[in-house]
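Contents: one structure, followed by commentary.
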Amino acid sequence: MSRLVKKEILVTPKGTRDLFSDELFIRKKIHEKCREIAEYYGFQEIQTPHFEHSEIFEASLGAASDIVEKQMYTFRTRGGDQLTLRPEGTVPIVRAYFEDGMLSWPQPVMLYYVGSFFRHESPQKGRFREFGQFGLEILGEDLAVAEATIIRIFSLILKELGLEAALELNTIGDKECRPAYRKDLIAYYRKHVNYLCKDCKRRLKENPLRLLDCKEESCVELKKNAPQMIEYVCDNCKAHFKEVLDFMDAAEIPYSLNPYLVRGLDYYTRTVFEFVIPPKTPEEKRMEIGGGGRYDYLGDLLAGKPLAAVGGAFGVDRLSELLKEKDGFAEGKRPKVFLIQLGEVAKKKSLCLIEEFRKAKIPLAQSLSKDSLRGQLRLASKLEVDFSLILGQKEAMDGTIIIREMDSGVQEIIPFPKVIDRIKTKAKN
Ligand code: AMP
């Protein structure tokens, strides 16, 4: 048969990749930990479609946001609908909140999600076009305890995964206080307009807060002397932010204030936060691994109804990257025992033995398709198991089995029905 697909096409599209082996194992562990803690704290899972009507993102993320400007995968369907692969999780969830009648549930509604998101970005370390996020949303709650709960859960997840990140917090005010800040920010940047990058020149007109988010060197430099929101916040916003900080102190969550943290999207109000890995060298950039904030106006923007809410998301690819660098994290998946079988009778007996081990929740590796002792022992060494079980012709007839300690080569013969107990005892020592 001749090849139908060109060689160049036989690869994943740019910014995407296959997930398997250790990488997939680590992701599953991250998901497990996130789910376990979120569910304990009363969050329930929601799964929304991978695509939505484009307009809901365009209307709510802000026309001047990077996502709407250049990162959305938007397409027209055969039926003529204009759809977009979800670039983030909050907007679909607020859409679901109204569409699925969650407004009439006991408030607040606490939801979590795990899944893929899509942004047309330049791929680099920790940045993909299809990437994973784990997110939390608390909808229908205006108290600072909502921010505190989400940040607390995020910091617990990091701690239990054995990761350390710095938490940065800021308040970006509300409709009352932000206009005066906006005005002064525009005045400041107008004075220095020649030093702004091309994107920021345009942002200055459309969404000046976004200038604080720019990663271009000249804009980062200018930001250092820009007015700070914290000096403009009204009493209500100030009191709310103080409460958030009090919760952080009470839960002993270390944080630092970053007066220029605004996050890229229009829908945030009041509290914004980010978990970052600070750069280790001057050349390195800080890596954001997660973030979020309060978005009290998004409900109004989308559905014309007020909705106080807070949310945040972790980037699963970035957590996974960090865990991969940690020695031994993928170790847990490695079976400690390998079953070697020799001869027809032993092979048949092996199927039952594997099931006994599965029921006892002891990971057991095997290769039933192999026949030779050498081949199976080689595989056992490659997998770096602690023990091999050898079930030969003789043992299968006698009702025994050999346990071989792989490091020392020491072997013992034990009655077949005792093998699980013996392995459990040996594994403990
Ligand atoms: P955002 O929705 O932009 O606030 O992103 C939340 C988190 O998702 C970030 O802190 C990153 O860890 C992760 N993230 C965002 N964009 C990407 C991407 N293109 N590739 C991988 N991770 C991403």
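Start at 1 with the first residue, then count along the sequence.
- Residue pairs meeting the ring-ring contact (aromatic ring centres under 6.0 Å, His included) criterion with at least one member in residues 226-253, sequence neighbours excluded, are Tyr181-Tyr232.
- With sequence neighbours left out, Asp300 forms a salt bridge (charged side-chain N to carboxylate O under 4.0 Å, His left out) with no residue at all.
- Between the side chain of Glu216 and the backbone N or O of Leu196 there is no donor-acceptor pair closer than 3.5 Å.
- Between the side chain of Ser350 and the main chain of Gln341, no donor-acceptor pair closer than 3.5 Å is present.
- Judged by distance alone, with hydrogens and angles left aside, the side-chain atoms of Tyr113 form no donor-acceptor pair with the main-chain N or O of Ala313 at under 3.5 Å.
- Under the 30°/60° scheme for interplanar angles, the aromatic rings of His192 and Tyr195 are found to be tilted.
- Put simply, the side chain of Ser116 never gets that close to the backbone of Gly132: no donor and acceptor are under 3.5 Å apart.
- When the shell of 6.0 Å around CZ of Phe98 is examined, it contains more than 12 heavy atoms from other residues, nucleotides or ligands.
- Asp81 places no side-chain N or O within donor-acceptor distance of the main-chain N or O of Arg76, the cut-off being under 3.5 Å.
- With sequence neighbours excluded, no residue satisfies salt bridge (charged side-chain N to carboxylate O under 4.0 Å, His left out) with Asp386.
- More than 12 heavy atoms of other residues, nucleotides or ligands sit less than 6.0 Å from atom CG of Asp249.
- Note on residues 355-366: pairs passing salt bridge (charged side-chain N to carboxylate O under 4.0 Å, His left out), not counting sequence neighbours, are Glu355-Arg358.
- Looking at Arg127 and Asp317, no side-chain N of the basic residue comes within less than 4.0 Å of a carboxylate O on the acidic one, giving no salt bridge.
- Side-chain contact between Val244 and Phe273: absent, with no pair of heavy atoms (C-beta onward) separated by less than 4.5 Å.
- At most 12 heavy atoms of other shown residues, nucleotides or ligands fall within 6.0 angstrom of atom NZ in Lys28.
- Within 6.0 Å of atom CD in Glu325, more than 12 heavy atoms from other residues, nucleotides or ligands are found, so the atom counts as buried in its surroundings.
- Between the side chain of Arg119 and the main chain of Pro87, a donor-acceptor pair closer than 3.5 Å is present.
- Between Arg286 and Ile277 the shortest side-chain heavy-atom distance does not fall below 4.5 Å.
- Of all the heavy atoms in Leu323 and Leu161, the pair that sits closest is CD2-O, 3.4 Å.
- The main-chain N or O of Glu52 is never found under 3.5 Å from a side-chain atom of Arg95 such that the two would form a donor-acceptor pair.
- Classification of Arg210 and Asp66 as a salt-bridged pair holds, one side-chain N sitting under 4.0 Å from a carboxylate O.
- Formation of a donor-acceptor pair under 3.5 Å by the Arg203 side chain with backbone atoms of Leu211 is not found in this model.
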- Task: Walk me through it: do His120 and Tyr73 pass the test ring pair (Phe, Tyr, Trp, His ring centres under 6.0 Å)?
- Result: CA-CA 7 Å; His120 192 271; Tyr73 283 94; 5.6 Å; yes
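- Using a 4.0 Å cut-off between charged nitrogen and carboxylate oxygen, Arg270 and Glu147 do not count as a salt-bridge pair.
- When side chains are defined from C-beta on, Glu243 does not count as touching Thr271, because their heavy atoms never get closer than 4.5 Å.
- With sequence neighbours left out, the salt bridge (charged side-chain N to carboxylate O under 4.0 Å, His left out) criterion links Glu160 to Lys33.
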Less than 3.5 Å apart, which donor and acceptor atoms pair up between the side chains of residues 255-263 and the rest of the protein, not counting sequence neighbours?
unit_1, atom_1, unit_2, atom_2, d
Asn258, OD1, Tyr260, N, 3.0
Asn258, OD1, Leu261, N, 3.4
Asn258, ND2, Glu168, OE1, 2.8
Tyr260, OH, Lys223, O, 3.4
Tyr260, OH, Lys224, O, 3.4
Tyr260, OH, Ala226, O, 3.0
Tyr260, OH, Gln228, NE2, 3.2
Arg263, NH1, Glu274, OE2, 2.8
Arg263, NH2, Tyr268, OH, 3.4

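- Using the six-membered ring where Trp is involved, Tyr112 and Phe134 have ring planes that are tilted, between 30° and 60° apart.
- Here the side chain of Ser60 pairs no donor or acceptor atom with the backbone of Leu298 at under 3.5 angstrom.
- No side-chain heavy atom of Pro49 sits under 4.5 Å from any side-chain heavy atom of Arg86.
- Between Phe131 and Phe118 the shortest heavy-atom distance is CE2-N, 4.2 Å.
- Environment of NZ in Lys238: sparse, with no more than 12 heavy atoms of neighbouring residues, nucleotides or ligands closer than 6.0 Å.
- Atom NZ of Lys159 is surrounded by 12 or fewer heavy atoms from other residues, nucleotides or ligands within 6.0 Å.
- Checking side-chain atoms of Gln107 against main-chain N and O of Trp105 turns up a donor-acceptor pair under 3.5 Å.
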